[in-house]
Participant: 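This is the structure I want to talk about, given as structure tokens.
Residue numbers start from 1 in every chain, and the chains themselves are labelled A, B, ... in the order their sequence lines are given, proteins ahead of strands.
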There are 2 protein chains.
Amino acid sequence: MPKQVDHEKRRRQIAEATWRLISTEGIEQATVRKIAQEAGLSLGALRHYFATQDELLRFSMELVSERAQQRITTIFEQGGPPKQVLLDVLLEVLPYKEEYQLEMSVWFQFMMAAYRSKTDTGTDDIFRMCLVLLERLPAGTLRDGIDVRLEAERLAALIDGLAFHALFRPERLTKDRLKTILVHHLNTIFQS
Amino acid sequence: MPKQVDHEKRRRQIAEATWRLISTEGIEQATVRKIAQEAGLSLGALRHYFATQDELLRFSMELVSERAQQRITTIFEQGGPPKQVLLDVLLEVLPYKEEYQLEMSVWFQFMMAAYRSKTDTGTDDIFRMCLVLLERLPAGTLRDGIDVRLEAERLAALIDGLAFHALFRPERLTKDRLKTILVHHLNTIFQS
């Protein structure tokens with residue numbers, strides 16, 4: 001494996017160790033020392049990949065977005081009817097698989113930390129994604145008289161609300177249930 | 001003021017100091033020592049009102065629910081058309097006033113802490129409230145063929161999603177905007 005690839009791969013492994021620590025203990029507990037331990041590295045080795053804790057946390061947060069973005073890009077590349085593509089994309093940001101639950105819980109914790117520190121990285125991502133997705137639909141796809149911006153705000157709130165509830169009630173909000181709710185919602189705004 | 005009332009009032013003041021600390025620094029930083037400082041009490045005086053940190057945090061969390069519950073009860077007592085009452089109740093759990101923003105951010109942080117510690121106090125409150133509110137509507141209020149449970153799940157997700165987004169984007173999700181979105185949503189499930 002080329003050295004550069006190995007370096008990047010190791011950075012991702014460290015970010016994933018960071019996720020696990022944040023998920024179980026919270027962001028405040030995610031010190032460089034504990035992350036090194038979780039990743040099975042010495043503190044010196046960790047410093048080789050991330051000079052500061054800030055850099056490590058920022059990379060770990062960006063990796064959550066990046067992973068979701070990759071899954072979404074794959075769906076767009078596969079193509080299909082607009083409503084189906086939209087549904088599949090929205091399902092990708094919901095924590096219906098165990099691995100996404102980890103990402104989602106880490107994401108919410110990053111959001112709350114951003115709120116406390118009055119920064120706003122990423123806090124409007126879901127809304128902006130929903131707005132772009134609805135605006136780019138072919139003409140005549142949505143029902144007549146639909147207010148696209150309002151529907152984007154409603155859809156974004158629904159998605160993040162479902163994601164939040166699914167974290168706590170995975171037995172109630174199964175993948176099938178999340179899909180049923182989303183399909184129903186899209187039916188109310190799509191022509192057919 | 002009777003002694004018992006004074007004792008209870010002081011407990012609430014300490015809980016509010018706890019909220020401020022949690023909101024700005026996170027739950028992990030809400031130590032008994034820091035809370036005492038924020039509340040302007042000695043550690044010994046604080047111990048008089050709360051024997052343990054656990055008791056203090058639990059009381060602080062329950063006070064968030066209790067405050068929202070009080071506001072909701074007032075609305076029910078005022079009465080009115082079912083749709084208007086439902087709208088007013090839902091608006092009460094959204095952080096459109098500065099004081100509710102503090103409560104809401106504290107609530108989300110308690111939720112994430114509950115997630116990490118695998119407890120589930122309060123994590124399904126909004127859903128259960130929505131279910132009860134929709135189930136108790138007079139017959140013929142909702143559109144024909146409505147699946148009440150599914151609508152309760154959708155409404156609960158919308159509410160928590162809007163609450164979450166309004167925390168980060170108060171300038172986008174103003175009180176008027178939140179109301180517009182909710183009215184639109186209710187229009188899609190009510191007969192008229």
Participant: With a 4.5 angstrom heavy-atom cut-off, is it the side chain or the backbone of E25(B) that approaches chain A, or both, or neither?
Facilitator: backbone
Participant: Is there side-chain contact between L182(B) and R154(A), with at least one heavy-atom pair below 4.5 Å?
Facilitator: no
Participant: Checking heavy atoms, do the side chain of A156(A), its backbone, both or neither come under 4.5 Å from chain B?
Facilitator: both
Participant: If I compare all heavy atoms of F164(B) with all of M112(A), which pair ends up nearest, and what's the gap?
Facilitator: CE1-SD, 3.7 Å
Participant: At a 4.5 Å cut-off on heavy atoms, which part of S23(A) comes close to chain B: side chain, backbone, both, or neither?
Facilitator: both
Participant: Using distance alone, with no hydrogens and no angle criterion, decide if H165(B) and E153(A) have a side-chain donor and acceptor under 3.5 Å apart.
Facilitator: no
Participant: Does anything in residues 10-46 of chain B pair up under ring pair (Phe, Tyr, Trp, His ring centres under 6.0 Å), and if so which pairs, sequence neighbours excluded?
Facilitator: none
Participant: Mind running side chain to side chain contact (heavy atoms under 4.5 Å, CB included) on D124(B) and R169(A) for me, showing each step along the way?
Facilitator: CA-CA 8 Å; D124(B) 226 19; R169(A) 290 289 186 274; 3.2 Å; yes
Participant: Give a yes or no on whether I27(A) and V106(A) share a hydrophobic cluster (residues Ile, Leu, Val, Met, Phe, Trp, Tyr; joining criterion: side-chain heavy atoms under 4.5 Å apart).
Facilitator: yes
Participant: What part of E151(A) lies closer than 4.5 angstrom to a heavy atom of chain B: side chain, backbone, both or neither?
Facilitator: side chain
Participant: Considering only heavy atoms, which portion of L173(B) lies under 4.5 Å from any heavy atom of chain A: side chain, backbone, both, or neither?
Facilitator: side chain
Participant: For F168(B), run the ring-ring contact (aromatic ring centres under 6.0 Å, His included) check against F110(A), Y115(A), F108(A), F127(A) and tell me which one passes.
Facilitator: Y115(A)
Participant: Given side chains that start at C-beta, do those of L150(B) and R177(A) come closer than 4.5 Å, heavy atoms only?
Facilitator: yes
Participant: Can you measure from CG (L158(A)) to CG (D160(B)) and round to the nearest 0.5 angstrom?
Facilitator: 11.5 Å
Participant: Using a cut-off of under 4.5 Å on heavy-atom pairs, state which of H184(B), H185(B), R172(B) scores highest against chain A.
Facilitator: R172(B)
Participant: According to a 4.5 Å side-chain heavy-atom criterion applied to Ile, Leu, Val, Met, Phe, Trp and Tyr, with indirect links allowed, do L133(A) and I181(A) form part of one hydrophobic cluster?
Facilitator: yes
Participant: Applying the 4.5 Å side-chain criterion to the ILVMFWY set and letting contacts propagate, would L167(B) and M104(A) be lumped into a single cluster?
Facilitator: yes
